[in-house]
Amino acid sequence: MNTSNTEPNTQNAVLDRAGAPLIQTTGLTCRFGAFTAVDNLDLSIEAGEVFALLGPNGAGKSTTIKMLITLLPPTAGRATVGGYDVVRQAGAVRRLLGYVPQALSADGALTGYENLLIFAQLYDVPRRAQRARVLDALDFMGLADKAGVLVRDYSGGMVRRLEIAQALIHYPHVLFLDEPTVGLDPVARRAVWDHLDRLRRELGATLFLTTHYMDEAEQLATRVAVMNRGRIAALGTTTELKAQVPGDAPTLEDVFAHFTGDILESGGSYRETRALRRTARRLG
(Lines give C-alpha, C1' and ligand atoms only; values in the text may rest on other atoms or scores of the structure.)
Protein backbone atom coordinates (compact mmCIF):
# COMPACT_ATOMS: atom_id res chain seq x y z
CA MET A 1 0.00 0.00 0.00
CA ASN A 2 1.25 3.43 -0.89
CA THR A 3 1.54 5.71 2.14
CA SER A 4 3.18 8.64 0.39
CA ASN A 5 -0.04 10.54 -0.27
CA THR A 6 -1.38 10.38 3.28
CA GLU A 7 -0.27 11.25 6.78
CA PRO A 8 2.47 9.06 8.26
CA ASN A 9 1.52 6.86 11.19
CA THR A 10 2.39 8.84 14.31
CA GLN A 11 3.10 5.63 16.22
CA ASN A 12 6.40 5.04 14.40
CA ALA A 13 8.42 6.43 17.27
CA VAL A 14 7.31 3.64 19.57
CA LEU A 15 8.96 1.07 17.33
CA ASP A 16 12.31 2.81 17.27
CA ARG A 17 13.34 1.52 20.68
CA ALA A 18 16.60 -0.29 20.01
CA GLY A 19 16.35 -4.04 20.51
CA ALA A 20 12.77 -3.99 21.78
CA PRO A 21 10.57 -6.82 20.41
CA LEU A 22 7.34 -5.72 18.80
CA ILE A 23 5.37 -8.25 20.86
CA GLN A 24 6.55 -9.59 24.20
CA THR A 25 4.83 -11.64 26.86
CA THR A 26 6.15 -12.67 30.27
CA GLY A 27 4.29 -15.24 32.32
CA LEU A 28 1.08 -14.40 30.47
CA THR A 29 -1.77 -16.39 31.98
CA CYS A 30 -5.53 -16.55 31.53
CA ARG A 31 -7.83 -18.58 33.77
CA PHE A 32 -11.57 -19.14 33.59
CA GLY A 33 -12.44 -20.34 37.04
CA ALA A 34 -10.46 -23.51 37.67
CA PHE A 35 -9.56 -23.89 33.99
CA THR A 36 -6.25 -22.43 32.79
CA ALA A 37 -6.55 -21.53 29.10
CA VAL A 38 -3.10 -19.93 28.75
CA ASP A 39 -0.44 -20.96 31.22
CA ASN A 40 2.65 -18.81 31.91
CA LEU A 41 3.31 -17.86 28.28
CA ASP A 42 6.66 -16.31 27.35
CA LEU A 43 6.95 -15.02 23.76
CA SER A 44 9.16 -12.53 21.95
CA ILE A 45 8.28 -11.53 18.38
CA GLU A 46 10.34 -9.09 16.33
CA ALA A 47 9.02 -6.53 13.85
CA GLY A 48 8.66 -8.00 10.37
CA GLU A 49 8.14 -11.60 11.48
CA VAL A 50 5.35 -13.87 10.32
CA PHE A 51 4.59 -15.85 13.46
CA ALA A 52 2.27 -18.87 13.28
CA LEU A 53 0.68 -20.29 16.42
CA LEU A 54 -0.41 -23.89 15.93
CA GLY A 55 -2.30 -26.20 18.24
CA PRO A 56 -5.43 -28.33 18.64
CA ASN A 57 -8.75 -26.74 19.48
CA GLY A 58 -8.71 -25.65 23.12
CA ALA A 59 -4.93 -25.19 23.18
CA GLY A 60 -5.24 -21.47 24.00
CA LYS A 61 -4.46 -19.89 20.64
CA SER A 62 -7.49 -17.60 20.30
CA THR A 63 -7.31 -16.71 23.99
CA THR A 64 -3.70 -15.61 23.48
CA ILE A 65 -4.68 -13.36 20.58
CA LYS A 66 -7.59 -11.88 22.54
CA MET A 67 -5.25 -10.90 25.36
CA LEU A 68 -2.73 -9.36 22.95
CA ILE A 69 -5.39 -7.28 21.19
CA THR A 70 -6.83 -6.11 24.55
CA LEU A 71 -10.19 -7.94 24.23
CA LEU A 72 -9.47 -10.15 27.23
CA PRO A 73 -7.57 -9.11 30.37
CA PRO A 74 -4.82 -11.47 31.55
CA THR A 75 -5.23 -13.19 34.90
CA ALA A 76 -1.50 -12.90 35.53
CA GLY A 77 1.72 -11.94 33.77
CA ARG A 78 2.35 -9.12 31.33
CA ALA A 79 2.22 -8.44 27.59
CA THR A 80 3.35 -5.49 25.50
CA VAL A 81 2.77 -4.57 21.86
CA GLY A 82 5.06 -1.89 20.46
CA GLY A 83 6.27 -1.24 23.99
CA TYR A 84 2.75 -0.54 25.28
CA ASP A 85 1.21 -2.59 28.07
CA VAL A 86 -1.97 -4.36 26.89
CA VAL A 87 -3.72 -3.60 30.18
CA ARG A 88 -2.51 -0.19 31.28
CA GLN A 89 -2.14 1.28 27.76
CA ALA A 90 -4.85 -0.58 25.85
CA GLY A 91 -5.81 2.41 23.69
CA ALA A 92 -2.26 2.83 22.40
CA VAL A 93 -2.01 -0.91 21.69
CA ARG A 94 -5.22 -0.86 19.63
CA ARG A 95 -3.89 1.92 17.42
CA LEU A 96 -0.92 -0.28 16.50
CA LEU A 97 -2.81 -3.36 15.41
CA GLY A 98 -5.31 -4.79 12.96
CA TYR A 99 -7.40 -7.88 13.63
CA VAL A 100 -9.03 -10.37 11.26
CA PRO A 101 -11.26 -12.74 13.26
CA GLN A 102 -12.59 -16.13 12.18
CA ALA A 103 -16.13 -14.78 12.14
CA LEU A 104 -17.33 -12.79 9.13
CA SER A 105 -16.68 -9.09 9.67
CA ALA A 106 -17.73 -7.58 6.32
CA ASP A 107 -21.29 -6.39 5.69
CA GLY A 108 -22.81 -8.16 2.68
CA ALA A 109 -25.38 -5.41 2.18
CA LEU A 110 -22.65 -2.84 1.47
CA THR A 111 -20.12 -2.56 -1.35
CA GLY A 112 -16.45 -3.24 -0.81
CA TYR A 113 -15.78 0.50 -0.94
CA GLU A 114 -18.47 1.23 1.64
CA ASN A 115 -17.18 -1.44 4.02
CA LEU A 116 -13.69 -0.01 3.88
CA LEU A 117 -14.93 3.57 4.28
CA ILE A 118 -16.71 2.60 7.50
CA PHE A 119 -13.52 1.03 8.85
CA ALA A 120 -11.51 4.12 7.89
CA GLN A 121 -13.94 6.20 9.92
CA LEU A 122 -13.87 3.78 12.85
CA TYR A 123 -10.07 3.92 12.90
CA ASP A 124 -10.10 7.75 12.79
CA VAL A 125 -8.34 8.00 9.44
CA PRO A 126 -8.34 11.76 8.62
CA ARG A 127 -11.35 12.63 6.46
CA ARG A 128 -9.25 14.09 3.64
CA ALA A 129 -7.25 10.85 3.45
CA GLN A 130 -10.11 8.35 3.63
CA ARG A 131 -10.92 8.01 -0.07
CA ALA A 132 -7.25 7.55 -1.01
CA ARG A 133 -6.75 4.99 1.76
CA VAL A 134 -9.81 2.99 0.68
CA LEU A 135 -8.87 2.94 -2.99
CA ASP A 136 -5.27 2.08 -2.13
CA ALA A 137 -6.37 -0.82 0.10
CA LEU A 138 -8.73 -2.18 -2.57
CA ASP A 139 -5.98 -2.03 -5.16
CA PHE A 140 -3.41 -3.67 -2.89
CA MET A 141 -5.73 -6.59 -2.14
CA GLY A 142 -6.68 -7.05 -5.80
CA LEU A 143 -10.24 -5.77 -5.38
CA ALA A 144 -10.14 -2.45 -7.22
CA ASP A 145 -12.49 -3.70 -9.95
CA LYS A 146 -14.98 -4.88 -7.31
CA ALA A 147 -15.13 -1.64 -5.31
CA GLY A 148 -18.76 -0.93 -6.24
CA VAL A 149 -20.01 -4.53 -5.99
CA LEU A 150 -22.10 -5.66 -3.02
CA VAL A 151 -20.03 -7.90 -0.76
CA ARG A 152 -22.78 -10.56 -0.76
CA ASP A 153 -21.84 -11.12 -4.40
CA TYR A 154 -18.12 -11.62 -3.60
CA SER A 155 -16.51 -15.06 -3.61
CA GLY A 156 -15.24 -16.42 -0.28
CA GLY A 157 -11.63 -15.54 -1.12
CA MET A 158 -12.61 -12.00 -2.08
CA VAL A 159 -14.48 -11.55 1.20
CA ARG A 160 -11.41 -12.64 3.15
CA ARG A 161 -9.17 -10.26 1.21
CA LEU A 162 -11.64 -7.45 1.90
CA GLU A 163 -11.53 -8.25 5.62
CA ILE A 164 -7.74 -8.08 5.55
CA ALA A 165 -8.01 -4.72 3.77
CA GLN A 166 -10.37 -3.52 6.53
CA ALA A 167 -7.79 -4.41 9.15
CA LEU A 168 -5.03 -2.60 7.19
CA ILE A 169 -6.85 0.66 6.51
CA HIS A 170 -5.10 2.53 9.35
CA TYR A 171 -1.63 1.12 8.52
CA PRO A 172 -1.19 -1.08 11.61
CA HIS A 173 2.24 -2.27 12.68
CA VAL A 174 1.02 -5.78 13.42
CA LEU A 175 -1.83 -7.78 11.92
CA PHE A 176 -3.47 -10.56 13.95
CA LEU A 177 -5.26 -13.22 11.89
CA ASP A 178 -7.28 -15.96 13.56
CA GLU A 179 -7.69 -18.82 11.05
CA PRO A 180 -7.47 -16.46 8.04
CA THR A 181 -8.42 -19.03 5.39
CA VAL A 182 -11.00 -21.13 7.23
CA GLY A 183 -13.73 -22.35 4.88
CA LEU A 184 -11.93 -21.36 1.68
CA ASP A 185 -11.17 -23.63 -1.26
CA PRO A 186 -7.49 -24.25 -2.22
CA VAL A 187 -7.46 -21.61 -4.96
CA ALA A 188 -8.90 -18.92 -2.67
CA ARG A 189 -6.50 -19.93 0.11
CA ARG A 190 -3.56 -19.51 -2.25
CA ALA A 191 -4.75 -16.04 -3.27
CA VAL A 192 -4.97 -14.97 0.38
CA TRP A 193 -1.48 -16.40 1.04
CA ASP A 194 -0.05 -14.43 -1.89
CA HIS A 195 -1.46 -11.17 -0.55
CA LEU A 196 -0.25 -11.86 2.99
CA ASP A 197 3.22 -12.63 1.66
CA ARG A 198 3.12 -9.36 -0.29
CA LEU A 199 2.27 -7.51 2.93
CA ARG A 200 5.37 -8.96 4.53
CA ARG A 201 7.69 -8.31 1.58
CA GLU A 202 6.55 -4.86 0.50
CA LEU A 203 5.39 -3.29 3.74
CA GLY A 204 7.46 -5.13 6.32
CA ALA A 205 4.25 -5.96 8.15
CA THR A 206 4.37 -8.19 11.21
CA LEU A 207 1.83 -11.00 11.02
CA PHE A 208 0.61 -13.12 13.93
CA LEU A 209 -1.67 -15.92 12.76
CA THR A 210 -3.33 -19.05 14.07
CA THR A 211 -4.08 -21.88 11.69
CA HIS A 212 -4.94 -25.56 11.53
CA TYR A 213 -3.47 -25.82 8.03
CA MET A 214 0.10 -27.06 8.22
CA ASP A 215 0.79 -26.06 4.62
CA GLU A 216 -0.31 -22.52 5.47
CA ALA A 217 2.20 -22.29 8.32
CA GLU A 218 4.89 -23.80 6.11
CA GLN A 219 4.17 -21.31 3.31
CA LEU A 220 3.92 -18.13 5.36
CA ALA A 221 5.67 -18.36 8.71
CA THR A 222 9.20 -17.31 9.55
CA ARG A 223 8.74 -18.97 12.97
CA VAL A 224 6.22 -21.41 14.36
CA ALA A 225 5.06 -22.17 17.89
CA VAL A 226 3.15 -25.32 18.76
CA MET A 227 0.77 -24.74 21.67
CA ASN A 228 -0.81 -27.49 23.73
CA ARG A 229 -2.88 -27.28 26.92
CA GLY A 230 -2.13 -23.57 27.31
CA ARG A 231 1.64 -23.89 27.04
CA ILE A 232 4.21 -23.55 24.26
CA ALA A 233 5.40 -27.08 23.53
CA ALA A 234 7.86 -26.12 20.76
CA LEU A 235 9.12 -22.94 19.10
CA GLY A 236 11.39 -22.27 16.15
CA THR A 237 11.63 -22.25 12.38
CA THR A 238 10.00 -25.15 10.57
CA THR A 239 13.47 -26.54 9.83
CA GLU A 240 14.46 -26.35 13.51
CA LEU A 241 11.25 -28.03 14.63
CA LYS A 242 11.50 -30.84 12.11
CA ALA A 243 15.04 -31.55 13.32
CA GLN A 244 13.58 -32.36 16.76
CA VAL A 245 11.29 -35.08 15.43
CA PRO A 246 12.56 -38.63 14.88
CA GLY A 247 12.16 -40.36 11.54
CA ASP A 248 13.12 -39.74 7.94
CA ALA A 249 12.09 -36.40 6.43
CA PRO A 250 9.45 -35.46 9.05
CA THR A 251 6.72 -33.05 7.97
CA LEU A 252 5.14 -30.20 9.89
CA GLU A 253 2.20 -32.54 10.53
CA ASP A 254 4.69 -34.89 12.22
CA VAL A 255 5.97 -31.97 14.30
CA PHE A 256 2.42 -31.13 15.35
CA ALA A 257 1.63 -34.71 16.31
CA HIS A 258 4.94 -35.13 18.14
CA PHE A 259 4.44 -32.10 20.38
CA THR A 260 0.69 -32.36 20.95
CA GLY A 261 0.37 -36.08 21.59
CA ASP A 262 -0.70 -37.21 18.11
CA ILE A 263 -3.89 -35.10 17.95
CA LEU A 264 -3.63 -33.10 14.75
CA GLU A 265 -7.27 -32.03 15.02
CA SER A 266 -9.26 -32.56 18.17
CA GLY A 267 -12.56 -31.63 16.53
CA GLY A 268 -13.48 -28.94 19.00
CA SER A 269 -16.68 -28.36 20.89
CA TYR A 270 -20.19 -28.25 19.45
CA ARG A 271 -20.12 -24.44 19.60
CA GLU A 272 -16.74 -24.28 17.80
CA THR A 273 -17.91 -26.73 15.13
CA ARG A 274 -21.14 -24.79 14.57
CA ALA A 275 -19.24 -21.48 14.27
CA LEU A 276 -16.74 -23.01 11.82
CA ARG A 277 -19.47 -24.41 9.60
CA ARG A 278 -21.40 -21.14 9.67
CA THR A 279 -18.28 -19.24 8.58
CA ALA A 280 -17.59 -21.78 5.83
CA ARG A 281 -21.14 -21.42 4.48
CA ARG A 282 -20.99 -17.64 4.45
CA LEU A 283 -17.60 -17.51 2.74
CA GLY A 284 -18.37 -20.31 0.31
Side-chain angles (χ1 to χ4, degrees), residues 1-2 48-57 61-62 65 98-106 108 112 115-116 136-147 149-169 172 174-226 237-239 241-242 249-256 264-265 275-284:
M1 294 169 68
N2 177 20
E49 281 200 75
V50 180
F51 187 85
L53 187 58
L54 312 181
N57 287 337
K61 305 184 302 297
S62 293
I65 282 186
Y99 174 47
V100 181
Q102 279 190 44
L104 197 65
S105 59
N115 269 278
L116 285 178
D136 191 30
L138 286 165
D139 182 63
F140 187 86
M141 296 307 295
L143 296 170
D145 61 337
K146 302 296 183 181
V149 175
L150 292 178
V151 171
R152 64 173 173 240
D153 295 323
Y154 280 21
S155 69
M158 290 164 58
V159 171
R160 214 46 168 163
R161 282 185 278 142
L162 179 67
E163 291 174 321
I164 294 170
Q166 289 173 169
L168 292 173
I169 200 71
V174 57
L175 183 62
F176 290 90
L177 304 110
D178 197 1
E179 299 285 345
T181 59
V182 65
L184 299 184
D185 63 54
V187 174
R189 287 177 62 213
R190 176 65 62 177
V192 171
W193 291 357
D194 289 345
H195 283 85
L196 290 175
D197 185 60
R198 187 180 171 200
L199 285 174
R200 179 190 62 81
R201 288 183 292 103
E202 297 186 12
L203 303 183
T206 303
L207 307 181
F208 186 114
L209 65 101
T210 70
T211 182
H212 279 122
Y213 297 123
M214 298 299 105
D215 55 343
E216 188 159 271
E218 189 107 45
Q219 174 77 19
L220 295 173
T222 53
R223 280 197 305 156
V224 171
V226 180
T237 66
T238 56
T239 300
L241 294 182
K242 289 175 184 178
T251 65
L252 197 54
E253 285 87 350
D254 296 325
V255 170
F256 189 108
L264 179 60
E265 177 50 65
L276 175 62
R277 290 181 179 177
R278 183 184 297 128
T279 300
R281 283 198 307 270
R282 296 176 77 177
L283 288 176

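- For the salt bridge (Lys or Arg N to Asp or Glu O under 4.0 Å) condition, the pairs that include at least one residue of residues 208-226, sequence neighbours left out, are Glu49-Arg223, Arg189-Asp215, Glu218-Lys242.
- Looking at Thr181, its side chain never comes within 3.5 Å of a backbone N or O of Leu184 through a donor-acceptor pair.
- Residues meeting the side-chain hydrogen bond (donor to acceptor under 3.5 Å, both in side chains) test with Thr222, sequence neighbours left out: none.
- Under the side-chain hydrogen bond (donor to acceptor under 3.5 Å, both in side chains) criterion, Thr206 pairs with no residue, sequence neighbours left out.
- Nearest heavy atoms, Gly157 versus Val192: O-CG2, 4.3 Å.
- In this structure, Lys61 contributes its side chain and Gly55 its backbone to a donor-acceptor pair below 3.5 Å.
- A donor-acceptor pair under 3.5 Å is absent between the side-chain atoms of Tyr213 and the main chain of Val182, judged by distance alone.
- Qualifying side-chain hydrogen bond (donor to acceptor under 3.5 Å, both in side chains) partners for Thr238, counting only residues two or more places apart in sequence or in other chains: none.
- Every residue meeting the side-chain hydrogen bond (donor to acceptor under 3.5 Å, both in side chains) condition with Asp254, not counting sequence neighbours, appears here in chain and number order: Thr251.
- With Arg200 contributing its side chain and Ala205 its backbone, the two residues share no donor-acceptor pair below 3.5 Å.
- Contact of the Ile164 side chain with the Leu175 side chain is registered, since non-hydrogen atoms from C-beta on lie closer than 4.5 Å.
- Applying the ring-ring contact (aromatic ring centres under 6.0 Å, His included) test to Phe208 and every residue at least two apart in sequence or in another chain returns Phe51, Phe176.
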Before giving the answer on side chain to side chain contact (heavy atoms under 4.5 Å, CB included), spell out for Glu202 and Phe140 the whole-Å C-alpha distance, their side-chain angles and the decisive distance to 0.1 Å.
CA-CA 11 Å; Glu202 297 186 12; Phe140 187 86; 3.8 Å; yes

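- For the pair Arg190/Val187, no side-chain contact is recorded, criterion being any heavy-atom separation below 4.5 Å from C-beta on.
- At least one side-chain heavy atom of Leu54 sits less than 4.5 Å from a side-chain heavy atom of Val224.
- For the residue pair Ala106 and Glu163, the shortest heavy atom distance occurs at N-OE2, 3.5 Å.
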